[in-house]
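One is the number of the first residue; the rest follow in order along the sequence.
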Amino acid sequence: MFYFKDYVTRYNIDNQLPHYKIIARDNILLIDGPDYRICTYGWPDNRVTVANKITGVNTIKRFGATGRNMCETFLKSCLEVLGVEFPEEE
């Protein structure tokens with residue numbers, strides 16, 4: 001995955017999660033809130049780390065250089081848990 005700045009803008013993530021701190025660069029996305037932290041690293045790792053601050057459970061999923069679609073699907077599922085809505089047509 002690349003261009004996380006554009007990803008945040010395209011899906012309006014910063015406005016959908018007003019109480020979260022969002023840092024988006026071209027190859028990294030960090031979303032930090034009171035109960036969850038999601039950090040996504042782009043190519044070549046295509047890695048998503050999720051920290052549940054309430055339970056203390058951490059999850060790391062690494063999809064590798066060819067796992068862009070799986071990485072994006074997992075990231076979207078994590079963001080949907082936080083309340084981000086994605087358009088149906090995609």
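Here the closest non-hydrogen pair linking I23 and R25 is CG2-NH1, 3.7 Å. In terms of heavy-atom proximity, G33 sits nearest to K53 at O-NZ, 2.7 Å.
Considering CG of N27 and NZ of K5, their distance stands at 10.0 Å, rounded to 0.5 Å. Atom CG of L79 sits about 5.0 Å away from atom CD1 of I38, to the nearest 0.5 Å. With rounding to the nearest 0.5 angstrom, the CG atom of D45 is 11.0 Å from the CD1 atom of I60. With values rounded to the nearest 0.5 angstrom, L17 atom CG is found 5.0 Å from I22 atom CD1. Annotation: the span from D26 atom CG to F2 atom CZ amounts to 9.0 Å, rounded to 0.5 Å. With rounding to the nearest 0.5 Å, the separation of CZ in R47 from CG in L75 is 14.0 Å.
F63 is linked by a ring-ring contact (aromatic ring centres under 6.0 Å, His included) to nothing, counting only residues two or more places apart in sequence or in another chain. The salt bridge (Lys or Arg N to Asp or Glu O under 4.0 Å) test applied to K61 returns no partner, not counting sequence neighbours.
Ring geometry for F86 against Y7 counts as tilted: the plane angle lies between 30° and 60°, on a 0 to 90° scale.
Residues V8 and Y36 are members of one and the same hydrophobic cluster, defined by side-chain heavy-atom contacts under 4.5 angstrom among Ile, Leu, Val, Met, Phe, Trp and Tyr. Residue W43 is grouped with residue Y3 when hydrophobic side chains (ILVMFWY) are merged at heavy-atom distances under 4.5 angstrom, including chains of intermediate members. Linking ILVMFWY side-chain heavy atoms closer than 4.5 Å, directly or via other members, places F74 and V84 in a single hydrophobic cluster. One hydrophobic cluster, built from ILVMFWY side chains closer than 4.5 Å, holds both V81 and V48.
Between the side chain of N46 and the main chain of G64, a donor-acceptor pair closer than 3.5 Å is present. Proximity of a side-chain donor or acceptor of Q16 to a complementary backbone N or O of Y11 within less than 3.5 Å is detected.
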How far apart are the C-alpha atoms of E80 and K76, what are their side-chain angles, what is the distance that settles it, and do they pass the salt bridge (charged side-chain N to carboxylate O under 4.0 Å, His left out) test?
-> CA-CA 6 Å; E80 286 173 347; K76 282 183 176 182; over 6 Å; no

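You'll find the side chain of C39 stays beyond 4.5 Å of the side chain of L29, heavy atoms only.
Salt bridge status for R37 with D32: present, with a side-chain N to carboxylate O gap under 4.0 Å.
Residues Y20 and D35 have side chains that bring a donor and an acceptor to within less than 3.5 angstrom of each other.
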